[in-house]
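Notes follow once the structure below has been shown.
Just so we're clear, the structure is a prediction, and the values are computed from it rather than from any experiment. The first residue in the sequence is number 1, and the count goes up from there.
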Amino acid sequence: MNRRILPSRTPRLSPRGRSRSAAAALVAVCALVGTAVAPQAAADPPPVASRAAEPPGHALVGYLHTSFANGSGYTRLADVPDSWDIIDLAFGEPTSVTSGDIRFSLCPPDECPGVESEAEFKAAVKAKQQAGKKVLISIGGQNGQVRLTTPEARDTFVESISSIIDTYGLDIDFEGHSLSLDDGDTDFANPTTPVIVHLISALHTLKERYGDGFTLTMAPETFFVQLGHQFYGSGPWGGQDPRAGAYLPVIHALRDDLTLLHVQDYNSGPILGLDGQYHTMGGADFHVAMTDMLLTGFPVAGDPDKTFPALRPDQVAIGMPATPQAGNGHVPPAEVEKALDCLTRGSACGTYTPHGTWPELRGLMAWSINWDRYGGDEFAGTFDRYFG
């Protein structure tokens, strides 16, 4: 997920030095409002978290620009339309890449005119939860790379996230480009890379701490998930991009705890599908092919002995840009409906035929609520018309 539009990431092998793909110019991290989030005193109990409510059978997920502005206009949490069932607050960011210390603050008033006060924001969180919505803190974003290289960083991550959760009563989403695999780490079911192992441990700890009703979602890019069908990490002989498929071990280890996976089907290069063909952004077929991989399962790095198992359809939503300004790969409502028809009803399929029909597919995710409002609420309207 990006504050600004990133260029498409083409899935290609990098030289042995494994240079990173080009990224758009970084946006300055928002100034903190007041002091960093700290644990509340015992006399000031945290607000009731959203774990009392469960998302509906079909859910509309959207990211809300909460700590920054980027041209789409600031939207107060209280003003988010009722169409949005799961609201991901963008973003909680680390104090440094390897610290594990996650901070969250509202956008400064000079950057976001009309931003609510801390008290108003907390009240809005509670009101959304009472209306049956989920409100999550999204960890990551374009500027929020999180690499838990040590046990100490892992523990700091858990405690700093717990402080945010307890302060605002939130659940969590993990997204972005934080993960890569060390050389020789070739089995997604048995990862050895510290940043992977420590993240899995940290998320398990948070899930155990907050109970079965705790919502955990993830929003990686296709590069970190479906590309793993063709390339996984640096490969058995090295030389590949170590980020390829790097979310697969995390998703797999947490599949019993994962509420929802909504891969970003945008800002993506061509991806090899289960039909042996490359699929590119811009139409319903791309979303059908990418979603089919998650609901069918796929051999990792082409190895039939290392197959990533299918997720449940209620664990999967399709991630899309809400408007052309929001990201590369935007499709109009008619193409959104074609993709949903093909996946949930087995009709209106194009050149790609999925391996099943999944009426329980959870729904759609958009980057972002702000961009959708900027575009006249077209994305939310498409969801509402389709799912009623």
Exercise. State, to 0.1 Å, how close Y168 and V125 come at their nearest heavy-atom pair, and which atoms those are.
Key: O-CG1, 3.4 Å
Quiz item: So do the side chains of L227 and E221 get within less than 4.5 Å of each other, counting heavy atoms only?
Solution: no
Quiz item: Should we count CZ of F121 as having more than 12 external heavy atoms under 6.0 Å?
Solution: yes
Quiz prompt | Check ion pair R209-E159 (N to O, under 4.0 angstrom) | solution = yes
Quiz item: Which pairs pass side chain to side chain donor-acceptor pair (under 3.5 Å) with one or both residues in residues 342-352, sequence neighbours excluded?
Solution: D285-T351, D292-Y352, D341-R345, T344-Y386, R345-Y386
Quiz item: When you look at D303 and Y232, which way does the side-chain hydrogen bond (donor to acceptor under 3.5 Å, both in side chains) test go after all the steps?
Solution: CA-CA 10 Å; D303 186 345; Y232 185 69; over 6 Å; no
Quiz item: Taking side chain as C-beta onward, heavy atoms only, is L364 less than 4.5 Å from F379?
Solution: yes
Quiz item: Does a side-chain heavy-atom distance below 4.5 Å link Y74 with E111?
Solution: no
Quiz item: Are Y266 and N328 close enough that some pair of their side-chain heavy atoms sits under 4.5 Å apart?
Solution: no
Self-check item: Over 12 foreign heavy atoms within 6.0 Å of CG, D82
Solution: no
Practice problem: Report yes if the side chains of V197 and T192 come closer than 4.5 Å at any heavy-atom pair, otherwise no. | Solution: no
Quiz item: Going by heavy atoms in the side chains, are K134 and D85 under 4.5 Å from each other?
Solution: no
